[in-house]
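Side chains included, hydrogens not; waters and symmetry mates left out as well; all remaining heavy atoms used. The structure displayed is predicted, hence computed values, not measured ones.
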Amino acid sequence: MQYEKKGYLTSYLKIFHLKDIQKLKFKAHYHEFDKIILFLSGKVTYVIEAQSYQLFPYDMIFVPHNSVHYPIVDENTQYERIVIYINPGFLEKQSSTDSNLAHCFNYAKQNHSYVMHLDNIETNDILLQLNKLEASFKDTAFANKIYTKIIFLEFMILLNRAIINDNKNINTKHHVSYDENILAVLNFINQNLYSELNIEQIAKQFFVSKYYLMRRFKSKTGYSIHQYILNKRLLAAKEYIKNGKPLTQICFDCGFKDYSVFCRSFKTAFKQSPREFKKSITTTSNDYKEVQIND
């Protein structure tokens with residue numbers, strides 16, 4: 001089973017206020033952009049990289065690009081949320097050496113803490129700024145695009161300051177449920193992603209049967225160990241191509257032993273060969289294409 005990329009982005013930012021009452025079922029997937037969700041209502045469990053979070057109103061979910069995730073939604077309640085899609089390249093360009101606007105996403109990954117709760121709702125400056133940002137997308141006044149950019153940058157500054165300073169307006173300690181052994185396996189895979197990796201080796205590392213590990217991993221993450229490793233390597237390869245590394249070097253640096261296997265796997269996953277993808281990003285200023293975004 002291959003988890004899929006969902007949604008594309010043409011601009012540096014998109015924001016949606018969504019209310020769903022129909023039955024929704026999402027498969028494990030990833031995006032090439034960063035995502036922030038403010039959960040408002042419903043009965044939802046959010047799964048990110050094998051960690052499950054029972055959501056409460058005014059929980060904020062951080063989904064770094066290329067992180068595998070999916071919500072489990074109770075069909076009997078309305079699922080309401082504000083979703084922000086962010087081009088990670090834009091955050092990088094707007095950051096400075098001492099002020100990384102992607103800190104919130106890096107914090108989430110490094111601390112395995114993808115959900116935080118907003119406190120003091122009536123006076124929370126992060127929430128007030130988010131309301132201004134949402135309103136700006138509906139506005140057509142003079143220089144609104146410039147103004148929206150200013151509001152968004154201020155939103156990211158306030159958000160990152162709150163996380164760095166352990167601000168009273170945001171609680172970074174959120175209850176999460178996970179299988180400690182599977183989380184350890186995920187950490188092991190990601191730390192050794194470019195080395196020799198196979199199911200037998202991983203099972204031996206954790207003193208379990210490979211068949212037990214395969215079943216457990218699939219039940220907790222929604223995808224197989226082989227597919228997880230393959231897709232993580234391909235996603236890393238795509239980032240290296242964007243950074244201008246030679247294709248042959250990328251192939252072996254990302255753990256592939258054969259260039260033809262690498263090319264075939266890349267094309268299956270991304271509908272382009274590595275060479276075609278490299279050409280596409282050198283002939284266009286923006287490699288994010290627009291399709292329906294609905295998650």
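The shortest side-chain heavy-atom distance between R216 and I182 falls under the 4.5 Å cut-off. A heavy-atom distance below 4.5 Å is found between the side chains of N187 and L183. Proximity of M116 to I163: side-chain heavy atoms (C-beta onward) are separated by under 4.5 Å at one or more points. A 4.5 Å side-chain heavy-atom check between L55 and T45 finds every atom pair outside the cut-off. Residues L193 and R233 form a side-chain contact, since some pair of their non-hydrogen atoms from C-beta on lies under 4.5 Å apart. With a 4.5 Å cut-off on side-chain heavy atoms, Y12 and F33 do not count as touching. Considering only heavy atoms from C-beta on, D74 stays 4.5 Å or farther from V44 through its side chain. Looking at heavy atoms from C-beta onward, I36 lies in side-chain contact with M156 at the 4.5 angstrom threshold.
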Check residues 248-256 and write down every donor-acceptor pair under 3.5 Å in which the side-chain atom is one partner and the other belongs to a residue at least two apart or another chain.
from	atom 1	to	atom 2	distance (Å)
Q249	NE2	D253	OD2	3.2
D253	OD2	K245	NZ	3.0

Without placing hydrogens or testing angles, list every side-chain donor-acceptor pair under 3.5 Å for residues 200-208, not counting sequence neighbours.
from	atom 1	to	atom 2	distance (Å)
E200	OE2	K210	NZ	2.9
Q201	OE1	N198	N	3.4
Q201	NE2	E196	O	3.3

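No continuous path of ILVMFWY side-chain contacts below 4.5 Å connects V261 to L230, so the two sit in separate hydrophobic clusters. Both I84 and Y147 sit in one connected hydrophobic cluster of ILVMFWY residues. Membership requires side-chain heavy atoms under 4.5 Å apart, directly or through other members. There is no path of hydrophobic side-chain contacts, each under 4.5 Å, that joins F56 to I48. Taking hydrophobic clusters as Ile, Leu, Val, Met, Phe, Trp and Tyr residues chained together by side-chain heavy-atom distances below 4.5 Å, L127 does not share a cluster with I150. Follow the hydrophobic side-chain contacts under 4.5 Å out from L38 and you reach L153 in the same cluster.
In this structure, K238 forms a cation-pi arrangement with F270, its terminal cationic atom sitting closer than 6.0 Å to the ring centre and no more than 45° off the ring axis. Cation-pi check for R81 over Y79 is met; the charged atom lies under 6.0 angstrom from the ring centroid and within 45 degrees of its normal.
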| said: One pair to check against salt bridge (charged side-chain N to carboxylate O under 4.0 Å, His left out): K242 and E239. What are the steps and the verdict? | reply: CA-CA 5 Å; K242 291 178 184 177; E239 292 299 316; 3.6 Å; yes

| query | Between L133 and T148, does a side-chain contact (heavy atoms from CB on, under 4.5 Å) hold up when you go through it step by step? | reply | CA-CA 7 Å; L133 180 61; T148 297; 4.0 Å; yes

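For the residue pair H112 / E49, no side-chain donor-acceptor distance below 3.5 Å is found, with atom types taken as modelled. A donor and an acceptor atom, one from each side chain of H65 and D34, are located under 3.5 Å apart.
Between F62 and F105, the two ring planes are perpendicular [angle over 60°; tilted spans 30° to 60°]. Ring geometry for Y53 against Y114 counts as perpendicular: the plane angle is over 60°, on a 0 to 90° scale with 30° as the lower cut. Between H29 and F26, the ring planes lie tilted relative to each other; the angle falls in the 30° to 60° range. Between Y228 and F217, the ring planes lie perpendicular to each other; the angle is over 60°, past the 30° to 60° tilted range. Note: Y85 and F16 have perpendicular aromatic rings, judged against thresholds of 30 and 60 degrees for the angle between ring planes.
Of all non-hydrogen atoms in F277 and I241, the two that sit nearest each other are CD2-CG2, 3.6 Å. The heavy-atom pair separating V83 from K35 by the smallest distance is CG1-CD, 3.8 Å.
Between the CD1 atom of I146 and the OG atom of S136 there is a distance of 13.0 Å, given to the nearest 0.5 Å.
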